[in-house]
Protein chains: 2
Amino acid sequence: MPKNKKQQVTAVPERRGELLATAAEVFAAQGYNATTVRRIADEAGMLAGSLYYHFDSKESMLDEILSTFLTELWEGYDAVLAAGLGPRETIEALVTESFREIDRHRAAVAIYQKESRHLTELPRFGYLADSQRKFEQAWLGTLERGVETKAFRADLDVRLTYRFVRDTVWVAASWYRPGGQHSPEEIARQYLSMVLDGIAVRE
Amino acid sequence: MPKNKKQQVTAVPERRGELLATAAEVFAAQGYNATTVRRIADEAGMLAGSLYYHFDSKESMLDEILSTFLTELWEGYDAVLAAGLGPRETIEALVTESFREIDRHRAAVAIYQKESRHLTELPRFGYLADSQRKFEQAWLGTLERGVETKAFRADLDVRLTYRFVRDTVWVAASWYRPGGQHSPEEIARQYLSMVLDGIAVRE
DNA sequence: GCCGTTCCCTAACAAGTGTTTGGTAGGTTA
DNA sequence: TAACCTACCAAACACTTGTTAGGGAACGGC
């Protein structure tokens, strides 16, 4: 019954990508440690041992999921940071780019959020800490630049603001569903409007 | 060596509370499923089996941690909601109360955030879904009331705003450390300033 | 028709899991 | 002194975990 072969016309590593996608989905839903390799195999229509033809460990799957996500994320971020925009425009572009990444890699983002804390302790996932540092540098730097140029308020704790902005953007992965009634750009617009101008009515 | 008896003068279930506190700490740090009962016992200076003198299962510990947290949380929330404040003042009070709860139950909040999604499927943890509904009702209702009375902007999607506010408040548990340089009230003040008035400079 | 490759299955492995059972040291009560 | 309770240990239990080894069906190229 679980014999959907489809066309094997294309290159080679197509199946591998499919398996990573289903694994990411299960990891995101159940948590990495709570996910058994048998459950992933089940979802993919095969037996547990067969996964080891494609991957050499459960950890390798997680590694590949997270690293490919971060690679793509930084392609987008680096493009924004290299564009030479003003502080406010940079924040707007970063937020929009972030919601686009959530749209594309919802599962990976959810996994990253749940597991990154204790994964950074493993040498294999050292690149998570690197990415986190670069991330903080980009956001915090932009916020500080904005305070200097009087684009942003000076009476707010920049580091606190950074944490709030960072968290709110990325937790969206926990409730966002692609194909829902809001596009990533629309969500970004609403979010930016709230964070930049506030929700209170001005008088 | 792990024989710190202290005074056993007080009532009976004092040790129970200590064990729950260390269990909560480990759950929060490693995740519930990734935490072994041997690890908890280790941290408490005893053997795995001995835990079963105090609790009848690992799940029971989690249950007790989460339910006592939610009970205390709703004591605070209900008091705020019954005070008959205006929309803006209600939001301010809810946010402040939330950061106080994070200060008191950091571990429980972190656990709740990581695990609530898949715990709600278990009948035993049905009260999590109940609490979530009450929670949404309180926040969403207040926001809508604020839009009606023109305290909050009408051009923002209320449900999106609710999600952003909710998430940002509670993820704080992942980086907040009691005894740090910011008190819960100070964090609440900064956060409210950002969400209500925005971070951009007005002209 | 044979060879090699791709992809999966069958069956087992050792280590680790939550939990149980019976026992026991030490204190309190009678 | 005897009975009892509290809080733990020691040792095992059944089960699940990630992983491996060997085999085989389907298919394309020669």
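Note on naming: letters A, B, ... go to the chains in the order of the sequence lines (proteins, then strands), and numbering restarts at 1 for each one. Model, not experiment: these values are computed from the prediction.
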Under-4.0 Å side-chain N/O to phosphate OP1/OP2 contact, [X] with [N]:
X	N	result
Tyr53(A)	dC8(C)	no
Ser50(B)	dC9(D)	yes
His54(B)	dT6(D)	no
Arg15(B)	dC8(D)	yes
Tyr52(A)	dT19(D)	yes

How about [X] and [Y]: does a side-chain donor come under 3.5 Å of a side-chain acceptor?
X	Y	result
Arg153(A)	Ser193(B)	yes
Ser60(A)	Arg124(A)	yes
Gln132(B)	Glu136(B)	no

Roughly how many Å is it from [atom1] in [X] to [atom2] in [N], rounded to a whole number?
X	N	atom1	atom2	value
Met46(A)	dT6(C)	CE	P	16 Å
Leu47(B)	dA10(D)	CG	C1'	8 Å
Asp42(A)	dC9(C)	CG	C1'	14 Å
Phe55(B)	dT20(C)	CZ	C1'	18 Å
Arg39(A)	dT16(D)	CZ	C1'	16 Å
Phe27(B)	dG18(C)	CZ	C1'	12 Å
Leu51(A)	dC7(C)	CG	C1'	12 Å
Lys58(A)	dT19(D)	NZ	P	8 Å

Look at all strands and tell whether Thr35(A) reaches a base, only sugar-phosphate, or nothing, counting heavy atoms closer than 4.0 Å.
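Sugar-phosphate: the residue Thr35(A), judged by heavy atoms under 4.0 Å, touches backbone atoms but no base.
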Residue whose closest nucleotide on DNA chain D lies nearer the 5' end, Arg38(B) versus Leu19(B):
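So the residue in question is Leu19(B).
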So, do Ile91(B) and Leu143(B) sit near enough that their side-chain heavy atoms are less than 4.5 Å apart?
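Touching, per the 4.5 Å side-chain cut-off.
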Can a donor-acceptor pair be found, under 3.5 Å and without considering hydrogens, that links the side chain of Arg16(A) to the backbone of His54(A)?
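Checked: pair present.
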